[in-house]
Amino acid sequence: MNIDVVIIGTGRVGLTLGFMLAKVGLKVVGIDKNKSIIEKINKNEMPFHEPKFDEIIKEVDFSVREDYGIISKSKNVIISIGTPLLPNIEADFSQLNSVMNELVKNLVEFQNIIIRSTVAPKTMEYIKNYLEKNTNMKVGENLFLSFAPERVAEGKIWDELQNLPQIIGVEDEKSFKKANEIFQLFTKKIFKTNYLSAELVKLFNNSSRYVNFAISNYYAIIAEKFNQDIYEILKMANYDYPRGEIPSPGLTSGTCLRKDFGFISETFPFSDIFLSSWRINEYMPKFIVDSVCNKVKIQNRNVTILGYTFKQDSDDIRDSLVPKLIRYIKKELPDNIFVVEPNLDLTDEGYENCLLLDAVKKGDIIFITIPHSEFIDKNDEIFDLAKDDAYFIDIWNVMNKNKIFFKKWMEL
């Protein structure tokens, strides 16, 4: 075997891990089915934005291919693929099953398999049984299997890969030893546990954040119902108060927060706190538009949307709630919708990416949907250049008015 690690799935999680392993001296090769991603990586171009990795891709020896046959030449195989949630609250195993089918065709004895994707409880048990059923190998004897969930946040991956504790879920000592040899090359702290606990660690982390954001969003809905400003309330509630800060409301989404709760909810037949949180967070686009319509008419007005991705300073639009917000706005029949997203080209989304200040000048109603740094840095300029009768919707309090809904002339 002349390859140290094969990474199956070179998206934001798999590719950055591959670069980290190559950076510490391992020979790493990627496998992906997306031809556009393969082409960019093999030309030393990052297929997405992530700080520091634009430089690293030019420093390391890393290539990507479609051929699964390369698996047989590698000591370690790390699987980092999408694990979506189906609309009926069910884990979607289609990508996983597709990879597993190719994996068993190319496995050789004594290889180390590491699952990196976020998975539903008991998925590792399924993978173990699948491998043993479809090969002549047994985990812990002549094949090694572990679950090592990623825990990083976009925009912080380089630092968090090194500084966040790594969870390794195993059912035998030999598999832990093999996985530990990989992660101890760059990770400061490693926790050893079983498959199921490791699965739940990741799901609990993400679901807790999702629930906390839902509480904040629910508070925003309550405050609006009583005609009060949520940010004024939060300012007083959080100031020098030692028992937990209430986070800001917002459009809570993203490929983890918007679906990971479902891996737990799928397991139980009754409504739970996760499903309630999901309903609240998914209601926020409609809450925002309905609240605006109670204050100002959208029909025949120009609407400006500042932000399209799912989070601050990201180029990732997966599971963003902004498209949902725009669909509700379109039902109110505005004259024009101007979208500004400084982190990516919106052509594939069907929008012309407008210049920030031009779009602000044109807008009768201005939605600040994502708190990108450019909007924060230029908040005074945005306010000054807006029409005097412009109406602002500022869910993240970018303008520091401590209000979600406000008219410009009332703030002058």
> F338: what forms a ring-ring contact (aromatic ring centres under 6.0 Å, His included) with it, not counting sequence neighbours?
Replying inline: none
> Under the 6.0 Å and 45° cation-pi test, does R243 pair with Y241?
Replying inline: yes
>> Does atom CD (E352) have a neighbourhood of more than 12 heavy atoms from anything else shown, all under 6.0 Å?
In response: no
> Do E102 and K33 meet the salt-bridge criterion of a basic N to acidic O distance under 4.0 Å?
Replying inline: no
> So, the side chain of E199 versus the backbone of K122: is there a donor-acceptor pair under 3.5 Å, distance only?
Replying inline: yes
> So with a 6.0 Å cut-off around NZ of K58, is the heavy-atom count from everything else above 12?
Replying inline: yes
> With a 3.5 Å cut-off and no angle check, do the side chains of K188 and N163 form a donor-acceptor pair?
Replying inline: yes
> Which value, rounded to the nearest 0.5 Å, describes the distance between F287 atom CZ and I280 atom CD1?
Replying inline: 12.0 Å
>> If you apply the rule side chain to side chain donor-acceptor pair (under 3.5 Å), what do you find for N402 with D229, and how did you get there?
In response: CA-CA 7 Å; N402 287 332; D229 297 316; over 6 Å; no
>> Would K297 and E332 count as a salt bridge (charged side-chain N to carboxylate O under 4.0 Å, His left out) here? Give the steps.
In response: CA-CA 8 Å; K297 189 177 180 180; E332 301 302 323; over 6 Å; no
> Within a radius of less than 6.0 Å around CZ of F53, do more than 12 heavy atoms belonging to other residues, nucleotides or ligands occur?
Replying inline: yes
> Is it true that the side chains of D345 and N353 contain a donor and an acceptor less than 3.5 Å apart?
Replying inline: no
> Is the backbone of I71 close enough, under 3.5 Å, to the side chain of Q111 for a donor and an acceptor to pair up by distance?
Replying inline: yes
> Judged by atom type as modelled, is there a donor-acceptor pair below 3.5 Å linking the side chain of E341 to the main-chain atoms of N343?
Replying inline: yes
> Just wondering, are more than 12 heavy atoms of other shown residues or ligands nearer than 6.0 Å to NZ in K295?
Replying inline: yes
>> Taking the six-membered ring of F191 as reference, does the cationic atom of K189 (NZ for Lys, CZ for Arg) lie under 6.0 Å from its centre and within 45° of its axis?
In response: yes
> Does a side-chain N-to-carboxylate-O contact under 4.0 Å join E39 and K43?
Replying inline: yes
>> Treating S146 as the side-chain partner and I168 as the backbone partner, does any N or O pair qualify as donor plus acceptor under 3.5 Å?
In response: no
>> Using every non-hydrogen atom in the two residues, find where L85 and A91 come nearest and quote the distance to one decimal.
In response: CD1-N, 4.0 Å
>> In terms of relative ring orientation, are F62 and F19 parallel, tilted or perpendicular, with 30° and 60° separating the classes?
In response: perpendicular
> Any salt bridge between R318 and D316, counting N to O under 4.0 Å?
Replying inline: yes
> Which heavy atom in L164 sits nearest to a heavy atom in R151, and how many Å separate them?
Replying inline: CD1-O, 3.3 Å
> Is the distance between the ring centroids of F406 and F392 less than 6.0 Å?
Replying inline: yes
>> Using 0.5 Å steps for rounding, measure from the OH atom of Y231 to the OG atom of S248.
In response: 4.0 Å
> Can you name the one residue among F261, F204, W278 that meets ring pair (Phe, Tyr, Trp, His ring centres under 6.0 Å) with Y210?
Replying inline: F261
>> Quick one, F110 with L143, criterion side chain to side chain contact (heavy atoms under 4.5 Å, CB included). Give me CA distance, side-chain angles, the key distance, then yes/no.
In response: CA-CA 5 Å; F110 302 107; L143 185 66; over 6 Å; no
> Stepwise, does the side chain to side chain contact (heavy atoms under 4.5 Å, CB included) test hold for N97 with Y126?
Replying inline: CA-CA 11 Å; N97 284 334; Y126 164 76; 2.5 Å; yes
>> side chain to side chain donor-acceptor pair (under 3.5 Å) for N302 and D335? Distances and angles first, verdict last.
In response: CA-CA 5 Å; N302 286 337; D335 266 356; over 6 Å; no
> Does any donor atom in the side chain of D272 or S265 lie under 3.5 Å from an acceptor atom in the other side chain?
Replying inline: yes
> If you draw a 6.0 Å radius around NZ in K27, do more than 12 non-hydrogen atoms from other residues or ligands fall strictly inside?
Replying inline: no
>> When you measure from the side chain of S74 to the backbone of N76, do you find a donor-acceptor pair of N or O atoms at a distance under 3.5 Å?
In response: yes
> Where is the tightest heavy-atom contact between I404 and P249, given as atom of each residue plus distance?
Replying inline: CD1-CG, 4.4 Å
> Counting only N and O atoms by type, is there a donor-acceptor contact under 3.5 Å from the side chain of S63 to the main-chain atoms of N42?
Replying inline: no
> Would one find more than 12 heavy atoms of other residues, nucleotides or ligands at under 6.0 Å from atom CD1 of I273?
Replying inline: no
> Stepwise, does the side chain to side chain donor-acceptor pair (under 3.5 Å) test hold for S197 with N194?
Replying inline: CA-CA 6 Å; S197 287; N194 56 55; 3.2 Å; yes
>> Parallel, tilted or perpendicular: which one describes the rings of F183 and F186, with boundaries at 30° and 60°?
In response: perpendicular
>> Taking V119's backbone N and O only, do any of them form a donor-acceptor pair with S117's side chain (distance below 3.5 Å, no angle check)?
In response: no
> Cation over ring, K401 on F383, under 6.0 Å and within 45°?
Replying inline: yes
> Distance from K259 atom NZ to S207 atom OG, nearest 0.5 Å?
Replying inline: 10.0 Å
>> Within this structure, what is the CD1-CE distance for the pair I56 and M46, rounded to the nearest 0.5 Å?
In response: 8.5 Å
>> Do K174 and F144 form a cation-pi contact, if we require the NZ or CZ to be under 6.0 Å from the six-membered ring centre and within 45 degrees of the ring's axis?
In response: no
>> Under a 3.5 Å cutoff, is there a donor and acceptor pairing between the side chains of S175 and D172?
In response: yes
> At what distance, to the nearest 0.5 angstrom, does CG of N205 lie from CD1 of I167?
Replying inline: 8.0 Å
>> Using modelled atom types and a 3.5 Å cut-off, is there a donor and acceptor pairing between side-chain atoms of S320 and backbone atoms of Y308?
In response: yes
>> Please tell me whether D319 and S253 have a donor and an acceptor in their side chains that are separated by less than 3.5 angstrom.
In response: no
> Could you go step by step and tell me if F367 and V303 meet the side chain to side chain contact (heavy atoms under 4.5 Å, CB included) rule?
Replying inline: CA-CA 8 Å; F367 290 79; V303 173; 3.6 Å; yes
>> As an exercise, state the distance from NZ of K40 to CD1 of I57, rounded to the nearest 0.5 Å.
In response: 10.5 Å
> Less than 4.0 Å between a side-chain N and a carboxylate O, is that true for R12 and E154?
Replying inline: yes
>> Using the rule given for side chain to side chain contact (heavy atoms under 4.5 Å, CB included), can you reason through L131 versus L103, listing the C-alpha separation, both sets of side-chain angles and the distance that settles it, and then say yes or no?
In response: CA-CA 9 Å; L131 291 174; L103 185 65; 3.9 Å; yes
>> Evaluate D4 against K75 for salt bridge (charged side-chain N to carboxylate O under 4.0 Å, His left out), listing each step before the verdict.
In response: CA-CA 5 Å; D4 293 309; K75 301 171 186 174; 3.6 Å; yes
> Checking K105 against Y68: charged group under 6.0 Å from the ring centre and within 45 degrees of the axis?
Replying inline: no
>> Is it the case that the side chain of E160 and the backbone of A153 share a donor-acceptor pair, with hydrogens and angles ignored and the cut-off at 3.5 Å?
In response: yes
> Within the distance-only criterion (no hydrogens, no angle test), does the side chain of E132 pair as donor or acceptor with the backbone N or O of V139 below 3.5 angstrom?
Replying inline: yes
> Would E232 and K403 pass as an ion pair if we require N to O under 4.0 Å?
Replying inline: no
>> Are more than 12 heavy atoms, taken from residues, nucleotides or ligands other than N136, located less than 6.0 Å from that residue's CG atom?
In response: no
